[in-house]
Amino acid sequence: MAKKGWDEFEIGAMLRTFEGKIDDIAGTRQEDRDYTQNSSYTASVSDWRLIKPVFNKDYCIDCQFCWVYCPDVSIISRDKKLIGIDMDHCKGCGICVEVCPTNPKSLLMFPEQADEETEIASWPKKDEEEA
Amino acid sequence: MAFDKMELRDIEVWDGNFAAAQALRQCKIDVVAAYPITPSTPIVEGYAKFLADGYIEGEFVMVESEHAAMSGCIGAAAAGGRVATATSSQGLALMSETLYQASGMRLPIVLNLVNRALASPLNVNGDHSDMYMVRDSGWIQFDAFSPQEAYDLNLIAFRVAEDHDVRLPAIVNQDGFMTSHTAQGVSPLSDDAAYGFVGEFKPMNDMLDFEHPVTHGVQTEEDWHFEHKARQHNDLMTKVSPKIEEVFAEFEKLSGRKYNQVECYDMDDADVAVFCLGTSVETAREVAREMRTKGIKAGVVGLRVIRPFPFF
């Protein structure tokens, strides 16, 4: 990004989300939008997180509850299928795990340093009492 | 829905509050968010009546405090509307936090400040302590000495504040009760002439422009804070005074009423002078004239623009 002098930037405590004009924001996926370097989309806040969600797609029924409830829009859904988590913006709040209705859950919280493949390999079995 | 124009006489008998309310009506404001406090209450009360009577198209938001009033004005201004409110004294004190938000965000809000002493002791009448309290808040400040000037300076304040080079909020001061509740002859412009002078509001980086989304009121730390404040201060000190001169000249052509950033009366040969603000100016002029009959060369200087402090 080109550096600007104190008397060159736009006035007001104001930042633009996109470079130039955006026509169809609702119909354009995040990865296809031309975000500025000032946008929160281009900034990672993953180091705010102490525990992280791990997604096990074997049990997911694509109910979209996690997508609806995520307060940071960090559940990535395409064509109504959950395809992953935006780990640059997830704060590890665990709401997605809380609202997941499957048995066993399709999302579980693990320490930040846990290995995803290991955790999925040792995923909890169905809770027969709850069933 | 068509909104009614008001037929005004060449000379109306208005107090300062009603004169300000009439000016706000003529400017076709989008949002007024306000909370009542003596002696400024009749401005927003009058504005609300114009709204109820079908003379105004905008939104009047009744809020729970002055802090909320200015917060509402800031939101509406960032959204891209023409915005105004009114307050006095303790109300301004409660607003003070958000006044800095407004100027830092470069939002051209017009605030009618009907000057009243800050407690304690409690006093609903005037001194100028509220005006002085916010003199370094980054707002432009005009001072009206009479109801006529309260009317004129409201129209002028919108023109100056909303200019895209300026984009700073403006306060129009008038003395509590001495101006705000004292009816005098006021010569208003017609609705068309007044709105023609102020012009249609031109938004800048408005939040309702969905094709160019913006975030207002962002955080900067040590990396950008001084750059922003330097830019704001530089614009206040270099761009506002020339703009005021330009708008004063245009207003004189339209109305025949000439304003100066510093008003001087009988100063050409004065040996002594009284320097003052508000209604004191008229009183001092009367006394200065009387002094001259006794051989004392007295003059009066009244400050029309308090911020930025006039410098030449």
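Every chain is numbered from 1 and lettered A, B, ... according to where its sequence line falls, protein lines coming before strand lines. If you're wondering where the values come from, they're calculated on a predicted model, not measured in any experiment.
Contacts between residues 12-24 of chain A and chain B, defined by a heavy-atom separation under 4.5 Å, are made by A:Gly12, A:Ala13, A:Met14, A:Leu15, A:Arg16, A:Thr17, A:Phe18, A:Gly20, A:Lys21, A:Ile22, A:Asp23. Residues of residues 227-245 of chain B lying under 4.5 angstrom from chain A, judged on non-hydrogen atoms, are B:Glu227, B:His228, B:Ala230, B:Arg231, B:Asn234, B:Asp235 in numerical order.
No more than 12 heavy atoms of other residues, nucleotides or ligands sit less than 6.0 Å from atom OH of A:Tyr69. The neighbour count for A:Glu117 CD, taken as heavy atoms of other residues, nucleotides or ligands under 6.0 Å away, does not exceed 12. No more than 12 heavy atoms of other residues, nucleotides or ligands sit less than 6.0 Å from atom CG of A:Leu50. Heavy atoms from other residues, nucleotides or ligands lying under 6.0 Å from CD of B:Gln101 number more than 12. Atom CZ of A:Phe65 sits in a sparse spot, with 12 or fewer heavy atoms from other residues, nucleotides or ligands closer than 6.0 Å. A:Gln30 CD: more than 12 foreign heavy atoms inside a 6.0 Å radius.
From A:Ile11, atom CD1 reaches atom CG of B:Asn205 across 7.5 Å, with rounding to the nearest 0.5 Å. Here the CH2 atom belonging to B:Trp224 is positioned 6.5 Å from the CZ atom belonging to A:Phe9, to the nearest 0.5 angstrom.
The parts of B:Thr215 that come within reach of chain A are both its backbone and its side chain, each placing non-hydrogen atoms under 4.5 angstrom from that chain. Residue B:Phe210 touches chain A through its backbone alone, counting heavy-atom pairs closer than 4.5 Å. In this structure, no portion of B:His225 lies under 4.5 Å from any heavy atom of chain A.
Heavy-atom pairs under 4.5 Å with chain A were tallied for B:Glu211, B:Met105, B:Gln219, B:His212; the largest tally goes to B:Glu211.
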